[in-house]
Structures are given as structure tokens and as C-alpha cells.
Number of protein chains: 2
Amino acid sequence: MVTLLDVAKKANVSKMTVSRVINHPEQVTDELRELVEQAMDELDYHPNYVAQALVNKRTNVVKFVTLEDIDTTEPYYMNLLFGIARGLSKKQYAIQLVTDRGQIEDGNFDGYLITGARSSDYAFFDNLKKPFILFGENHHGYDYVDNNNQYGGELATKYALSRLYQNIIFIGIDVREPFEYSRETGYVNTLQKNKKVPQIYRIANHSHAAQEVIKNNFHKFPKDTCFICASDRIATGVVRQLQDEKAKVPADFGVIGYDGVFLDQVSNLKLTTVKQPIFKMGELLANMLLRKIDQKGSPQGEALIKPSLVKRESTR
Amino acid sequence: MVTLLDVAKKANVSKMTVSRVINHPEQVTDELRELVEQAMDELDYHPNYVAQALVNKRTNVVKFVTLEDIDTTEPYYMNLLFGIARGLSKKQYAIQLVTDRGQIEDGNFDGYLITGARSSDYAFFDNLKKPFILFGENHHGYDYVDNNNQYGGELATKYALSRLYQNIIFIGIDVREPFEYSRETGYVNTLQKNKKVPQIYRIANHSHAAQEVIKNNFHKFPKDTCFICASDRIATGVVRQLQDEKAKVPADFGVIGYDGVFLDQVSNLKLTTVKQPIFKMGELLANMLLRKIDQKGSPQGEALIKPSLVKRESTR
DNA sequence: TTGTATGCGTTATCAG
DNA sequence: CTGATAACGCATACAA
């Protein structure tokens, strides 16, 4: 392994000069700097992150915590994780996935990335001793990253209107969480502006729950109805049941999903959906946490990223 | 932060004794050992892994490399990753996900976990300077973990026979890789033993490719046929197309998938499938790599885990 | 601007 | 069996 000292010898300087070239290049003369940089190149020097970490009282590790009890096979999270990994890689940070709740405080690490947080978890956050960023909007002052859920709701609703569907119904998730209300708000606002009456169903986030609600209420849905769904899971169930009812999708009935990860593409009909830039969100999440760690825990605020509408086969 | 020295003071010993209690407890008298352990308890001492890593010339980081060009949203890998995380957590190891091929040698780490390797990658492995374990069978002497693919093929085929399907057809993936051949071998052997003639199609691993092959050949398939598929993706497509052909599944046609992660449950018909214990495989993968690192890279051999058959709605 | 000394928390080595 | 010392690679504080 090539160390600072090796470089220092080669460049005929002390190892501190080398260290400075790396961390505070402005403090060293151009002449020496170039000499040192050349030596680093020739020796293919790479800093030892472990040694840096030790002296900086850092670990270069962050924990990824999934609070939601969900199926971790949900592809959604895989994308997020890769985005996070990308963000962390710039500073050579590594991830520990927390699989047991008991591991949350275990070991050495510099901070948390937390996903699947519910309002009921807020008390828990206040006891955390290291900096953290949430994935998912909240309005209690915790730093977070999310897609702009309200904007997403608007996007879907406006598109349904533009395709001249006459009745626009929202099929939401029955959780009392900000992300859900924000999507609904985007839907409601847009309808009101267009002098239409909002109509909302709230169900469990499963395709069969969606099938159920369509089955039970199908007689109430006139032709030219578009369903704005709060997730692709729900949208998949809606499409499936509409087809079972021999309804024509997308000619008579439209369906718009939300998320745009994997599920939207395995559905029998490729879904029109509000796509979250999950990878990018993961990257941002990582960047924010690293900055927060650098700044010794100072607040980072919120970061909302705009989702986009992907037009496919479930709308006309 | 509580250090060795703090514990040492409290226990009135040198820090070396404390260190020994942790690493070589047999070298210290019972009396002192208990004293030290008590002090550690009272102070809630936890070793600093970074300092350990520095002195041991370790990093406590392993890289997770996905060579396959696949959609990283494939849920399969999420489970694997969580299994790996579990395995690594015992020694407080962290993961770096490699998203760019260029990052493979970047930074400091102790070894690799490699998935999605193809035969064409073998040359690449020989240049790796750190220990690695492959996920996925190979027969070139590289250490690996996989499910027992041949056993899985047998399992599916035997079950189809036991359900009295008369024709049993294998829909495989058109890659020349050991995992595929092993699954096929399990199928072929079982049929031969039962004096039936094997029949194999090989297609791309996509549901629409599966739909295609069923569509084009449907007239050749008599009632009482069971399709043994090399993946749940393929099985999903087969089911969908059979339904489109108005064929009765599972009464007249059976379908058995392979993998048992996520997809098998979102299919319209819940799939009978050969389920891989992915989480466990991930854990094993981590354990093997940690052991290999401990043993300075000595060979670990292969680890085959038996898959199991999950009986659901796509077989009678 | 550059170099020297010191310490981060741990473990190996060797002395007692 | 136990303790003092040095070392891992780097960065901060201070001196030159």
C-alpha cells in the first residue's frame, strides 16, 4: 500500500505537505503542489479512508433504515438504494442495511438514511444521536427528500382532463400520511379549478384491494372515467378488474398510476404513470446526509424533486 | 466515546488486558476477565471498528458488484442484498454497491461479492486483487453460492408428473450458463427416468417472449401439458398467453415458475414456483466472504442450497 | 509556506 | 499472565 510517506519521499517533502495538497491545496505553493501531484500519480496513491476516518472521528458508514414493515422485495427500494450508493460513492462511504430494529444503534456509523417513516415514528427520531435525513415528506421539521407529490397529483389529473375523460376519480391509499394527502390535494385542486367534483376512494395498497373496489362499484362508473391511482400497485389492480368487467381500456376508461418503478412495466397493459426519479432522489438523499455530517448536524431542509408523466397504454 | 483506556482505568488494568479479553479471552485469568467484562458493561463500551480496521489493515467494507446489465430494479437482488447485509452485520461490515464498472477497484475495501457473472467474465476475475465470492454456479473453480438448480429442475418436473400432466415441456432461457443447463438437466433426468421425451424451448428471459412462444406453438400443445419455466418472468408470460388462448389453467395446462421472489405473487394467477431461499443465500455469501478474508483468500469451495416448491394456483 | 510532534483507538510484539 | 511500547495512516496544532 502506498502511503503519504511514500509520496512525500518521492517528492522530497514532508508528509504534511502531501496531506495539505489533498485537503488544503491553497496552502501550498504551486511548485510544490505540482511536484506532489506528480508523485501521487506515479505511485498511484490513494488515501486510506480508514486512517482518515479514525483521525476525523468518522466511520465513512451510514445506515439505511427501512421502518415500514413492507416487503423489502419492493423494487422501488432497490432503485433508491442504488441512487444512494451513487451519492455515497463520491466520498467512498459505505452502507449498512438495517434489517433488525435492534441494529439501529449498533456499531459505528456517521448517520442515517431513513425510509418508510410514519408519523408515529417521530418520537423515535428525537432520540437519535446521529444526523439523519428522511426519505418521504413530513411537516414536522425533519430534513427530507421526496418527489413533489402534489405536483404529481396535478400532473396526472391535468393529463386525464386533456384526454377528455369526463369523470376523474382518485383511488388513494388509506394511510394518514403527508405523501398521500399531497397527491390528493394535487388532484382536488386541479378538479376544482376545472369545476369538477372530486371523488376519492381510499384502500389498502394492494392490487387485489383495487380489484375489489372496482368490482363493487363498477355499476357507478360511467364511460369516459379516468382513475388516478396513488400507486402502480393499485393501478395494476384497477386495470385488471376493468378488463375482467369487459370494459374498454383505454378507450372508455383510463388509468394512471404513480411511482413508475418496475410494476408499471410488468402490468398486462403498460401503465401511464407518474414516474418518480427515484435514483436521483437516492443520490440527493446521500448528498444531503453527507453535507449534514460535514456540518455537524445542521438542518438541511427539504428537497422536492418533480416527477414526470409517462404516457403509455392505459390512457387514450 | 468510551475507549479501551477508559475501561482499563475502571478495571485497574492496562488496556492490553482489555483488548485481550475481547480478542483472546483464554489468555487472561478468570478473575481479571470478569473484572474487565463488568467494567465494559458499566461503561457500555463498544469497540471502535475503524481503529480495529486500521491496525488490522482492513476496511470492514465489501463491494457488491452486479455484472449483469440487468435492470437493477429486479426485486430478486433486493432480497439478496438484505441477506448479505444480515450476514455482514455480525462483523459490522458495510457494503458499497458498485454502479459503474469503473468503481470496481476504487477506494478501500476487503473483498467482493459478485453477481450476474457470465462465462465471459472469468478472465476479468483472474485480475481481481482481493478475495471474492460469486453468486451463481460456475464450474471453473471460483468459490460460489447458488441454489441447487438441478434439484430445482427435478422438483418442478416431479411435481408436474405427480399432478398427472401427460406432457411436460421446459421453457428455458437462451443463455449458455451453468444455472440454465443445471435446471434443464434436472428436468431431462427426471423425464428420462419416467420414460418420457424431453422437449425444450429456449427464449429471452421476458414475459413477452414467453407469450410469443406459446402463441406460435399453441396448436402443438395438447391438453394435460405442464410448462416448467426457468424463471417466474417466463412463467408469467406463459400463464398470460394461455389465458388469452382461452386455455384452462390449471385444469388443462399447468405452469411452474422458478425464483419465487415478488413476481410470482403479482402475476394474475399466483404461480406455483421453485422458490430460492435468496435471503439465506445472501447471508451465506456474506459469511463465506468474511471467512475468506479472515483466511487471507484461501478457497471456500461451493455452497448449494436446496430450493423448495411452492404450490399455488398455476398447477392443479 | 513548510515541517515537527502528537494523537486518533486498537493490536502485535516483546519484556517482565 | 500481564504490561509497556511501537505501529497502522492520516490530520491538527504548533513551531520554524
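Every chain is numbered from 1, with letters handed out A, B, ... down the list of sequences. Only a predicted model underlies this, so the values are computations on that prediction, with no experimental measurement involved. Only heavy atoms go into these numbers, but all of them, side chains included; no hydrogens, no water, no symmetry mates.
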Quiz item: Is a side-chain donor-acceptor pair under 3.5 Å present for B/Asp121 with B/Tyr142?
Solution: no

Quiz prompt | Flag if over 12 foreign heavy atoms under 6.0 Å of CZ, A/Arg118 | solution = yes

Practice problem: For A/Val55, answer base if it contacts any base atom (sugar-phosphate contacts may also be present), sugar-phosphate if it contacts only those atoms, and nothing otherwise; contact means non-hydrogen atoms under 4.0 Å. | Solution: base

Quiz item: Hey, what bend do you get for the helix from C/dT1-D/dA16 to C/dG16-D/dC1 if you fit axes on five pairs at each end, rounded to 10°?
Solution: 40°

Quiz item: Of all nucleotides in DNA chain D with an atom under 4.0 Å from a non-hydrogen atom of chain A, which is the first and which the last going 5' to 3'?
Solution: D/dG9 to D/dT12

Practice problem: Quick one: list whatever passes side-chain hydrogen bond (donor to acceptor under 3.5 Å, both in side chains) with A/Tyr112, sequence neighbours left out. | Solution: none

Practice problem: Only counting residues at least two apart or in another chain, list the ones meeting side chain to side chain contact (heavy atoms under 4.5 Å, CB included) with A/Glu180. | Solution: A/Phe170, A/Ile173, A/Val175, A/Glu184, A/Ala230

Exercise. Please list, in 5' to 3' order, the outermost nucleotides of DNA chain C lying under 4.0 Å from any heavy atom of chain B.
Key: C/dG9 to C/dA12

Quiz item: Where do A/Val7 and A/Ala39 come nearest, in terms of heavy atoms and distance?
Solution: CG1-CB, 3.9 Å

Quiz item: Residues in side chain to side chain contact (heavy atoms under 4.5 Å, CB included) with B/Val55, at least two apart?
Solution: none

Practice problem: Heavy atoms only: give me the nearest B/Leu54-A/Val50 pair and the separation to one decimal. | Solution: N-CG1, 3.5 Å

Practice problem: For B/His140, check ring pair (Phe, Tyr, Trp, His ring centres under 6.0 Å) against everything at least two apart and list the hits. | Solution: B/Tyr122

Quiz item: Which part of the nucleic acid does B/Tyr45 contact within heavy-atom distance under 4.0 Å: base, sugar-phosphate only, or nothing?
Solution: sugar-phosphate

Exercise. Starting at CG of A/Leu113, measure out to CG of A/Leu134 and round the result to the nearest 0.5 Å.
Key: 9.5 Å

Quiz item: Listed by chain and number, what are the side-chain hydrogen bond (donor to acceptor under 3.5 Å, both in side chains) partners of A/Gln38, not counting sequence neighbours?
Solution: A/Glu42

Quiz item: For A/Gln96, what residues pass the side-chain hydrogen bond (donor to acceptor under 3.5 Å, both in side chains) criterion, not counting sequence neighbours?
Solution: B/Gln92

Quiz item: Would you say the ring centroid of A/Phe82 lies under 6.0 angstrom from that of A/Phe279?
Solution: no

Quiz item: Got a sec? Which of residues 14-26 of chain A come in under 4.0 Å of DNA chain D, heavy atoms?
Solution: A/Lys15, A/Met16, A/Ser19, A/Asn23, A/His24

Quiz item: With sugar-phosphate meaning primed atoms plus P, OP1 and OP2, does A/Leu5 contact a base, only sugar-phosphate, or nothing at under 4.0 Å between heavy atoms?
Solution: nothing

Quiz item: What parts of residues 35-43 of chain B reach DNA chain D, counting only heavy atoms under 4.0 Å away?
Solution: none

Quiz prompt | Where A/Gln103 and A/Val98 come nearest, the two heavy atoms and their spacing | solution = OE1-CA, 3.8 Å

Quiz item: Taking the six-membered ring of B/Tyr45 as reference, does the NZ or CZ atom of B/Lys10 fall below 6.0 Å from its centre and within a 45° cone about the axis?
Solution: no

Self-check item: Of B/Val28 and B/Leu54, the one whose closest DNA chain D nucleotide lies more 5'
Solution: B/Val28

Quiz prompt | side-chain hydrogen bond (donor to acceptor under 3.5 Å, both in side chains) partners of B/Glu302, counting only residues at least two apart | solution = B/Tyr144

